Number of protein chains: 2
Amino acid sequence: MILTLDLNSEIPIYQQIRDRVVEAVAAGELAEGAALPSTRQLAADLGINFHTVNKAYDLLRREGLLLLNRKSGAVVRRDARSGPPEPGFTDDWGARLRTLLAEATVQGLDGAAVLAACGRTVGGFRVRPEGARVEGESV
Amino acid sequence: MILTLDLNSEIPIYQQIRDRVVEAVAAGELAEGAALPSTRQLAADLGINFHTVNKAYDLLRREGLLLLNRKSGAVVRRDARSGPPEPGFTDDWGARLRTLLAEATVQGLDGAAVLAACGRTVGGFRVRPEGARVEGESV
DNA sequence: CTGCCTGCTCTATTACTTATAGAACAGACC
DNA sequence: GGTCTGTTCTATAAGTAATAGAGCAGGCAG
């Protein structure tokens with residue numbers, strides 16, 4: 001798992017970690033059952049505090065994406081093939097989608113360009129249908 | 001401009017105001033040149049502090065969407081027909097799009113469903129090509 | 001001219017968030 | 001026993017969010 005962060009970004013570090021993990025799972029780089037680095041390990045690799053990684057992992061756990069325990073460490077709990085969204089997710093997500101697409105529209109991207117960008121992005125996911133690099137990866 | 005906020009949301013109020021204005025412009029409810037309520041007026045209508053509205057308007061101004069001055073008050077500076085995006089916008093926006101679409105993918109929405117949602121959302125914009133309710137609106 | 005409304009700026013306070021840090025505990029594994 | 005794991009506690013410094021009040025300069029209607 002190559003994880004690139006921008007420590008100078010206005011986006012909180014723990015949020016960036018969360019986003020990168022979500023994207024990696026969507027892209028098929030991390031499949032269900034894949035092990036993530038331990039909080040202390042990842043923190044050391046990224047040069048940040050392990051509490052920050054802990055916060056990111058805890059957020060991912062609350063979102064249903066990670067399974068955390070002393071036994072197995074941090075493990076991916078679901079991916080794109082694990083089943084339909086949990087109830088309540090789609091409404092919230094739809095609202096955020098509306099805001100984001102409105103932003104592009106307002107800035108002058110026409111509907112076709114917006115949809116093309118969406119298509120390109122979605123097409124970029126699931127590039128590794130069977131897991132490559134799912135276990136014992138380093139940052 | 002009907003502006004509905006959730007004061008109990010985890011999303012900051014000033015951010016919600018910004019998002020609603022962006023969506024209204026994308027939907028054609030506010031066209032270039034349309035006047036928005038004054039900061040004090042909107043704050044009173046929403047039952048919040050005028051500094052919070054000020055912060056939202058200032059954010060919209062920095063994004064190039066609003067024009068603020070003592071003469072004309074708050075006026076919409078651009079809409080979907082005002083021209084192409086400013087340089088640098090698309091990269092940042094694309095990254096945020098990637099994160100958001102990854103989130104849906106991971107939660108089990110398949111590519112077709114995601115693109116359908118995008119299509120529906122974009123199709124919902126620009127419903128009023130010529131401005132209705134652009135001037136002197138209340139909240 | 002007066003009064004009012006406008007954006008705009010300043011200080012200030014309270015509460016929460018972010019990121020840091022250090023310490024400790026229980027369970028698993030070799 | 002030693003080392004790794006997640007987990008939990010306290011603590012601190014810096015930043016953000018939202019509140020509040022005061023004031024200024026300019027436009028404009030009366």
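Reminder, nothing fancy here: chain letters follow the sequence lines and each chain counts from 1. Because the structure is a prediction, the values reported are computed rather than measured.
- One can place CG of A:L67 at 9 Å from P of D:dT7, the figure rounded to the nearest angstrom.
- Distance CG (A:L68) to P (C:dG27): 18 Å, rounded to an integer number of Å.
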Base versus backbone protein contacts along nucleotides 17-26 of chain C [heavy-atom cut-off under 4.0 Å; B, S, -]: -SSBBBBB-B
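- Atom CG in B:L60 sits roughly 12 Å away from atom P in C:dC8 (whole-Å rounding).
- Whole-Å rounding puts the A:E10 CD to D:dA17 P distance at 10 Å.
- Heavy atoms only, all atoms of each residue included: A:L68 and A:A74 are closest at CD2-CB, 3.4 Å.
- Side-chain N or O atoms of A:R77 include one that pairs as donor or acceptor with a backbone N or O of A:G64 at under 3.5 Å.
- Within the nucleic acid shown, B:T39 comes within 4.0 Å of sugar-phosphate atoms alone, with no base atom in reach, counting heavy atoms only.
- Across A:V106 and B:A26, no two heavy atoms sit closer than the pair CG2-N, 3.5 Å.
- Across all strands, B:D58 comes closer than 4.0 Å to no nucleic acid atom at all (heavy-atom distances).
- Although no hydrogens or angles enter the test, the distance criterion places no donor-acceptor pair under 3.5 Å between the side chain of A:D79 and the main chain of A:A31.
- Regarding A:Q41, its CD atom lies at a distance of 16 Å from the P atom of D:dT3, rounded to whole Å.
- Residue B:L109 comes nearest to B:A113 through the heavy atom pair CG-CB, 4.1 Å, listed as atom of the first residue, atom of the second, then distance.
- From one end of the helix from C:dC1-D:dG30 to C:dC25-D:dG6 to the other, with five pairs defining each end axis, the axis direction shifts by 30° (rounded to 10°).
- Considering every non-hydrogen atom in both A:T99 and B:R18, the closest pair reads CG2-NH2, 4.1 Å.
- The two atoms that bring B:Y57 and B:T39 nearest to each other are CD2-CG2, 3.6 Å, heavy atoms only.
- When each of B:A74 and A:K71 is assigned the nucleotide of DNA chain C bearing its nearest heavy atom, the one mapping closer to the 5' terminus is B:A74.
- At distances below 3.5 Å, at least one donor-acceptor pair connects side-chain atoms of A:Q16 with backbone N or O atoms of A:I11.
- Straight-line distance from the CG atom of B:N69 to the P atom of C:dT6: 13 Å, rounded to whole Å.
- Taking side-chain N and O atoms only, A:S38 has a distance below 4.0 Å to OP1 or OP2 of D:dT5.
- In this structure a side-chain-to-backbone donor-acceptor pair under 3.5 Å is present from A:R78 to A:G83.
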